[in-house]
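Have a look at the structure below, then the notes.
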Amino acid sequence: SSSSAASDVYKRQANRETITINGKETVEIDIANCSLRMALQLSKFSSDGDLYDFSDYPRVLVKDTINMMLNVGRGVKSHKQGIESTAKAMDSEYPEYEKSYLKEIVQACYEYYEHIADEWFFQSRGLDLQYLDSKICLLVINEFTEDNQVVLTVHDSFIVQQELKGKLEESIIRHYEEIIEEKPILK
């Protein structure tokens, strides 16, 4: 269920707060709304604020919907079919919600981000964004390992010793700008 899925995410994030590196406290820096922000920036659109917080729908459902829209694509020949495919995928992920409600969320996300839909939605473009994210991640990892410093990664999030927070933020920003040619928002 989504409530247990959301609870699992919260527990995993809470567990990250207990991570130490060589006995020292750590800090986690995340690239906010990474995939969607990159898609917007690469398409030369504004990407300020929390990109998943634009409606009264639960944020976790909006985020998952948009990520599915970025990844759905095999056999999709129209936006209508993409919306149907995404709603079906959401239904299997969140069976406790009515399918019509989930389809309504997919439609709302599509309409809100219609200006990037032709380029990014329902075309399996999520892998392109994950590749760019991985390039940024590798550059950050290489920078830290060259200095014999530990950096842990979890998707688009990085964990270092607390005293390396400034270096990490600077590194993420520099490498993100190198790859995407825009500034990220960190949290």
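Treat the numbers as computed from the prediction; the structure is a model and nothing was measured.
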Trace of the side chain to side chain contact (heavy atoms under 4.5 Å, CB included) decision for Ser85 with Phe122: CA-CA 9 Å; Ser85 294; Phe122 316 132; over 6 Å; no
Worked check of side chain to side chain contact (heavy atoms under 4.5 Å, CB included) between Gln162 and Thr26: CA-CA 5 Å; Gln162 202 125 39; Thr26 58; over 6 Å; no
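Hydrophobic clustering (side-chain heavy atoms under 4.5 Å, transitive across Ile, Leu, Val, Met, Phe, Trp, Tyr) keeps Val151 apart from Ile159. Val60 and Tyr97 fall within the same hydrophobic cluster, where Ile, Leu, Val, Met, Phe, Trp and Tyr residues are linked whenever their side-chain heavy atoms come under 4.5 Å apart, directly or through other members. By the rule that hydrophobic residues join a cluster once side-chain heavy atoms approach within less than 4.5 Å of another member, Met69 and Ile116 end up as members of one cluster. A continuous path of hydrophobic side-chain contacts links Leu42 to Leu36 [ILVMFWY only; heavy atoms under 4.5 Å].
A distance below 6.0 Å separates the ring centres of His79 and Tyr110.
In this structure, Gln81 CD and Lys88 NZ are separated by 11.0 Å, a value rounded to the nearest 0.5 Å. Here Ile66 contributes atom CD1 and Ser35 contributes atom OG; the two are 11.0 Å apart, rounded to the nearest 0.5 Å. Going from atom CG of Asp91 over to atom CD of Glu96 covers 9.5 Å, rounded to the nearest 0.5 Å. Atom CG in Leu70 sits 10.0 Å away from atom CD in Gln123 (nearest 0.5 Å). The OG1 atom of Thr145 sits 8.5 Å away from atom CG of Leu138, with the distance rounded to the nearest 0.5 Å.
Counting only heavy atoms from C-beta outward, the side chains of Ser157 and Ile31 never approach each other to under 4.5 Å. For the pair Phe158/Val27, no side-chain contact is recorded, criterion being any heavy-atom separation below 4.5 Å from C-beta on. At least one side-chain heavy atom of Met90 sits less than 4.5 Å from a side-chain heavy atom of Met68. Residues Val150 and Phe144 form no side-chain contact, since every pair of their non-hydrogen atoms from C-beta on lies 4.5 Å or further apart. When side chains are defined from C-beta on, Leu152 counts as touching Ile21, because their heavy atoms get closer than 4.5 Å. No side-chain heavy atom of Leu40 sits less than 4.5 Å from a side-chain heavy atom of Asn33.
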Can you list, pair by pair, the side-chain donor-acceptor contacts under 3.5 Å of residues 169-179, counting residues two or more places apart and other chains?
unit_1: Glu170; atom_1: OE1; unit_2: Arg174; atom_2: NH2; d: 2.7
unit_1: Glu170; atom_1: OE2; unit_2: Arg174; atom_2: NE; d: 2.8
unit_1: Glu170; atom_1: OE2; unit_2: Arg174; atom_2: NH2; d: 3.4
unit_1: Ser171; atom_1: OG; unit_2: Glu143; atom_2: OE1; d: 3.0
unit_1: Arg174; atom_1: NH1; unit_2: Glu143; atom_2: OE1; d: 3.1
unit_1: Arg174; atom_1: NH2; unit_2: Glu143; atom_2: OE1; d: 3.0
unit_1: Arg174; atom_1: NH2; unit_2: Glu143; atom_2: OE2; d: 2.9
unit_1: His175; atom_1: ND1; unit_2: Glu178; atom_2: OE1; d: 3.3
unit_1: His175; atom_1: NE2; unit_2: Glu143; atom_2: OE1; d: 2.8
unit_1: Tyr176; atom_1: OH; unit_2: Gln41; atom_2: OE1; d: 2.5
unit_1: Glu177; atom_1: OE2; unit_2: Lys183; atom_2: NZ; d: 2.7

List, one per line, each side-chain donor-acceptor pair under 3.5 Å for residues 127-137, sequence neighbours excluded.
unit_1: Asp128; atom_1: OD2; unit_2: Arg125; atom_2: NE; d: 2.5
unit_1: Ser134; atom_1: OG; unit_2: Tyr131; atom_2: O; d: 2.6

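By the side chain to side chain contact (heavy atoms under 4.5 Å, CB included) test, Ala87 is found to be paired with Lys103, Val106, residues two or more places apart in sequence or in another chain being considered. By the side chain to side chain contact (heavy atoms under 4.5 Å, CB included) test, Glu111 is found to be paired with Gln107, residues two or more places apart in sequence or in another chain being considered. Annotation: salt bridge (Lys or Arg N to Asp or Glu O under 4.0 Å) contacts of Lys187 (sequence neighbours excluded): Asp30. Among residues two or more places apart in sequence or in another chain, the salt bridge (Lys or Arg N to Asp or Glu O under 4.0 Å) test is passed with Asp64 by none. Partners of Asp50 by salt bridge (Lys or Arg N to Asp or Glu O under 4.0 Å), not counting sequence neighbours, listed by chain and number: Arg59. Scanning for ring-ring contact (aromatic ring centres under 6.0 Å, His included) contacts around His155 gives an empty result, with sequence neighbours left out. Qualifying side chain to side chain contact (heavy atoms under 4.5 Å, CB included) partners for Ser100, counting only residues two or more places apart in sequence or in other chains: Glu98. Take Asp147 and apply the side chain to side chain contact (heavy atoms under 4.5 Å, CB included) test, not counting sequence neighbours, and it matches Gln149, Lys167.
Counting all heavy atoms, side chain and backbone alike, Glu119 lies closest to Ser43 at OE1-OG, 2.7 Å. Smallest separation of non-hydrogen atoms from Val76 and Val72: CG2-CG1, 3.8 Å. Taking every heavy atom of both residues into account, Gly73 and Ser124 meet most closely at CA-OG, 3.4 Å. Nearest approach of Asn71 to Gly126, heavy atoms of both residues: OD1-CA, 3.3 Å.
Note on residues 149-163: pairs passing salt bridge (charged side-chain N to carboxylate O under 4.0 Å, His left out), not counting sequence neighbours, are Lys24-Glu163. The stretch residues 40-75 participates, sequence neighbours left out, in these ring pair (Phe, Tyr, Trp, His ring centres under 6.0 Å) pairs: Phe45-His115, Phe54-Tyr112, Phe54-Tyr113, Tyr57-Tyr101.
With a 6.0 Å radius and a threshold of 12 heavy atoms from other residues, nucleotides or ligands, Glu25 has its CD atom at or below the threshold.
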